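First up is the structure itself, then whatever we jot down about it.
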Amino acid sequence: MNTNPSQSSIFMSKWKRIRKQYQLYLFLFPTILFFLVFHYIPMYGVTIAFKNFMASKGIMGSPWVGFEHFERFFSSYKFATVMWNTLIINLYELIIAFPIPIILALLLNQVANARFKKLVQTVTYAPHFISVVVIVGMLYLFLSPRNGLFNQLIEWFGGDSIFFMASAEWFKTIFVFSGVWQNAGWSMIIYLAALTAVSQDLHEAAVVDGASKFQRILHIDLPSLMPTIMILLILNIGSFMAVGFEKIYLMQNPLNLGSSEVIQTYVYQTGLLSAQYSYSAAVGLFNSVINFALLVGFNQLAKSMKQASLW
């Protein structure tokens, strides 16, 4: 008998709180509306992955085929190549590209000269604002086998020029390291901001105790960065199977296709160019499910290790 009055009292107290702070909820409303309209409502379209979608019949009228498209993808001769390239490129980025901004932030934080510090920050994060199309155009120019800067240096040292952009074995290295050059400085800003919260008293006490700069980085700065590192690592793991489509597609050509064909480009080729909408939706859904599983799993692992987590 007391459940209804208690529930109504809880509802009234929440309603009063909303009315009291309605301005904050009004600010929140456009964001909620955005996610509802552009992220949650369109999720209904995922059902075409389980249907034989026909544009003339629409989503509702198209016949159900169950897991037929998933089975087709798993048995496809492209499956092994696409999965291998996607995994290797992402693992390569995680090993190389993820730690570099952390190292840069730790080193730059020790620089005492404010002018030099600002100059390094500007030079390192400026490439982030260059368009991906321009970046790929620069790669084709610098790595050109005829008059590219890198091949001129190779020939100057007595080597033979290499057609880097048409070489399957060089594709992953070029993709990852050009990404490091473009984004390392921008990612470094987050870690520098976290380092500003470190108390200078800790560094002063360490200096008095005779600690070197390396020891201060190892025992003061790095532990202070660990919560930020863990959160960003979880977010990176959550998008582990998602490789930047634009850059890969622009760098892709028939000669390096063996190393550059990833899930995103495969979905584009089968979905938009070949009009196999249901099949490409199934491949994209498979990719998203893996990302979601990795995000949840790694978040739980971080919690079990008493580290910072998303929830």
Side-chain angles (χ1 to χ4, degrees), residues 28-90 93 131-137 165-166 168 171-172 175 235-297:
L28 188 63
F29 178 73
T31 304
I32 295 173
L33 187 65
F34 172 82
F35 279 97
L36 281 174
V37 173
F38 295 103
H39 289 269
Y40 284 94
I41 294 175
M43 284 176 69
Y44 170 73
V46 171
T47 55
I48 70 170
F50 305 94
K51 293 187 170 190
N52 185 18
F53 176 71
M54 301 176 187
S56 59
K57 294 183 178 181
I59 296 176
M60 293 291 290
S62 299
W64 291 92
V65 293
F67 292 94
E68 180 182 315
H69 300 301
F70 294 93
E71 293 171 1
R72 177 186 162 194
F73 176 56
F74 297 148
S75 60
S76 169
Y77 74 97
K78 282 273 191 179
F79 177 74
T81 303
V82 167
M83 286 297 295
W84 174 256
N85 289 336
T86 305
L87 289 170
I88 291 299
I89 290 174
N90 278 291
E93 280 197 313
S131 166
V132 174
V133 178
V134 176
I135 291 289
V136 175
M165 299 302 288
F171 178 85
K172 295 179 178 68
F175 178 83
L235 292 172
N236 271 269
I237 293 293
S239 58
F240 186 76
M241 297 292 289
V243 188
F245 165 77
E246 298 90 350
K247 188 176 175 183
I248 286 214
Y249 187 70
L250 290 168
M251 291 176 63
Q252 199 174 77
N253 58 61
L255 296 175
N256 63 24
L257 201 60
S259 290
S260 63
E261 185 80 279
V262 294
I263 289 178
Q264 284 72 25
T265 56
Y266 183 63
V267 168
Y268 172 76
Q269 293 285 348
T270 57
L272 292 181
L273 299 187
S274 302
Q276 301 178 52
Y277 303 115
S278 292
Y279 177 67
S280 61
V283 177
L285 181 59
F286 166 74
N287 186 42
S288 299
V289 168
I290 291 179
N291 280 332
F292 178 73
L294 287 171
L295 176 65
V296 174

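Keep in mind it's a predicted model, so treat the numbers as computed, not measured.
Classification of the Y268-F245 ring pair by plane angle, with boundaries at 30° and 60°, yields tilted.
Residues L295 and G238 come closest through the heavy atom pair CB-CA, 3.8 Å. Residues F175 and K247 come closest through the heavy atom pair O-NZ, 3.1 Å. A pairwise comparison of heavy atoms in H69 and A282 identifies CB-CB, 3.6 Å as the closest pair. Taking all atoms of both residues into account, the shortest heavy-atom contact from A168 to S259 is O-OG, 2.8 Å. What you find for V262 and V82 is that their closest heavy atoms are C-CG1, 3.6 Å.
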Indicate every side-chain donor-acceptor pair of residues 37-61 with a distance under 3.5 Å to a residue at least two apart or in another chain.
unit_1 : atom_1 : unit_2 : atom_2 : d
T47    : OG1    : Y44    : O      : 2.8
K51    : NZ     : I59    : O      : 2.6

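Taking the side chain as every heavy atom from C-beta outward, Y266 and T86 never approach each other to under 4.5 Å. Counting only heavy atoms from C-beta outward, the side chains of L87 and F240 approach each other to under 4.5 Å.
No more than 12 heavy atoms of other residues, nucleotides or ligands lie within 6.0 Å of CZ in F67, so this atom counts as exposed by the packing criterion. Few gaps surround CZ on F79; more than 12 heavy atoms of other groups in view lie less than 6.0 Å from it.
Without hydrogens or angle criteria, N253 side chain to N256 main chain gives a donor-acceptor distance under 3.5 Å. N287 places no side-chain N or O within 3.5 Å of a backbone atom of A242 that could act as its donor or acceptor partner. Looking only at distances, no side-chain donor or acceptor of S76 sits under 3.5 Å from a matching main-chain atom of R72. In this structure a side-chain-to-backbone donor-acceptor pair under 3.5 Å is present from N85 to T81. Here the side chain of S274 pairs no donor or acceptor atom with the backbone of G271 at under 3.5 angstrom. Between the side chain of Q264 and the backbone N or O of M241 there is at least one donor-acceptor pair closer than 3.5 Å. Using a distance-only test at 3.5 Å, with no hydrogens or angles considered, no donor-acceptor pair links the side chain of T265 to the main chain of E261.
Here Q269 contributes atom CD and Q276 contributes atom CD; the two are 11.0 Å apart, rounded to the nearest 0.5 Å. Atom-to-atom distance recorded for I263:CD1 and N90:CG is 9.0 Å, nearest 0.5 angstrom. Atoms CG and CZ, from L36 and F29 in turn, are 8.5 Å apart once rounded to the nearest 0.5 Å. Here the CG atom belonging to L285 is positioned 10.0 Å from the CD1 atom belonging to I290, to the nearest 0.5 angstrom.
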